[in-house]
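Report on the structure given below.
Nothing fancy with the numbering, it's 1 onward along the sequence.
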Amino acid sequence: MTMKDLRTGPDWIVWVVFVILVAISATLLSGHGANLIAGYNTAPKEMKEKYDEKKLGRVIGGGLLAIAFLLPFAVLGQSLLPAWVAHAFLGFILVDCFVMIILANTICKKKYI
């Protein structure tokens, strides 16, 4: 069984998601668009002041970029890769999200002296 056997929709959807993730990642990595980050955009002003906005954008943008570049491998290799690779991709995405949350709550907080 290959990943192609698990496919349930057209491939163009994955490419659209890829382009959207790369665009959002580029915006966040450039230091803009911190309001695209869920939770940060709805936080009160006092809470936003505790975080370094540029670091937060870099952490989330880098994590999204890692996920974005995983998607083309899934589409292009779907007829060659075994089905268990889909589970490995899902595991990578979950670990990446977990690492983004940890980094956002540690290195992105401003240090008050």
Side-chain angles (χ1 to χ4, degrees):
M1 177 182 269
T2 63
M3 283 181 53
K4 193 171 190 172
D5 298 330
L6 301 174
R7 187 175 71 180
T8 59
D11 290 344
W12 65 267
I13 293 174
V14 176
W15 292 109
V16 169
V17 171
F18 170 74
V19 169
I20 291 170
L21 285 176
V22 168
I24 292 172
S25 295
T27 304
L28 289 170
L29 288 171
S30 69
H32 301 90
N35 286 331
L36 295 172
I37 301 170
Y40 183 75
N41 61 351
T42 58
K45 190 173 183 177
E46 299 83 32
M47 185 69 117
K48 286 183 180 182
E49 290 173 355
K50 294 180 182 179
Y51 289 90
D52 184 353
E53 192 172 298
K54 291 201 185 255
K55 278 186 186 177
L56 186 63
R58 279 189 235 125
V59 165
I60 302 299
L64 287 178
L65 197 61
I67 293 171
F69 281 118
L70 188 67
L71 292 177
F73 291 113
V75 172
L76 296 174
Q78 67 185 348
S79 60
L80 301 173
L81 297 173
W84 64 266
V85 175
H87 300 291
F89 285 166
L90 177 63
F92 175 80
I93 290 171
L94 291 175
V95 168
D96 187 45
C97 291
F98 182 72
V99 168
M100 282 191 292
I101 291 170
I102 297 297
L103 291 177
N105 286 311
T106 56
I107 68 169
C108 294
K109 284 197 175 182
K110 290 182 181 175
K111 303 205 180 359
Y112 295 104
I113 298 175

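Checking each of Val19, Val14, Ile20 against Val16 for a side chain to side chain contact (heavy atoms under 4.5 Å, CB included) leaves exactly one that passes, namely Ile20.
How far CD1 of Ile67 is from SG of Cys97: 4.5 Å, rounded to the nearest 0.5 Å.
With sequence neighbours left out, the ring pair (Phe, Tyr, Trp, His ring centres under 6.0 Å) criterion links Phe69 to Phe18. Partners of Val99 by side chain to side chain contact (heavy atoms under 4.5 Å, CB included), not counting sequence neighbours, listed by chain and number: Val95, Leu103. With sequence neighbours excluded, the residues satisfying side chain to side chain contact (heavy atoms under 4.5 Å, CB included) with Ala66 are Phe92, Asp96.
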Under 3.5 Å, which donor-acceptor pairs link side chains of residues 33-52 to any protein atom two or more places apart or in another chain?
residue, atom, partner, partner atom, Å
Tyr40, OH, Glu53, OE1, 3.0
Asn41, OD1, Gly39, N, 3.4
Asn41, ND2, Asn35, O, 3.3
Thr42, OG1, Gly39, O, 3.4
Tyr51, OH, Asn105, OD1, 3.2
Asp52, OD1, Lys54, N, 3.4

Show me, pair by pair, the donor-acceptor contacts under 3.5 angstrom made by side chains of residues 21-28, not counting sequence neighbours?
residue, atom, partner, partner atom, Å
Ser25, OG, Leu21, O, 2.8
Ser25, OG, Gly61, O, 3.3
Ser25, OG, Leu65, N, 3.2
Thr27, OG1, Ala23, O, 2.9

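In terms of heavy-atom proximity, Arg58 sits nearest to Leu29 at O-CD2, 3.5 Å. The two atoms that bring His32 and Ser30 nearest to each other are ND1-OG, 3.2 Å, heavy atoms only.
In the hydrophobic clustering (ILVMFWY side chains linked at under 4.5 Å, chained through shared members), Leu94 is joined by Leu90.
Hydrophobic clustering, with ILVMFWY side chains joined whenever heavy atoms are under 4.5 angstrom apart, keeps Ile101 apart from Val59. Trp15 and Leu81 fall within a single hydrophobic cluster, where Ile, Leu, Val, Met, Phe, Trp and Tyr are joined by side-chain heavy atoms under 4.5 Å apart, directly or via other members.
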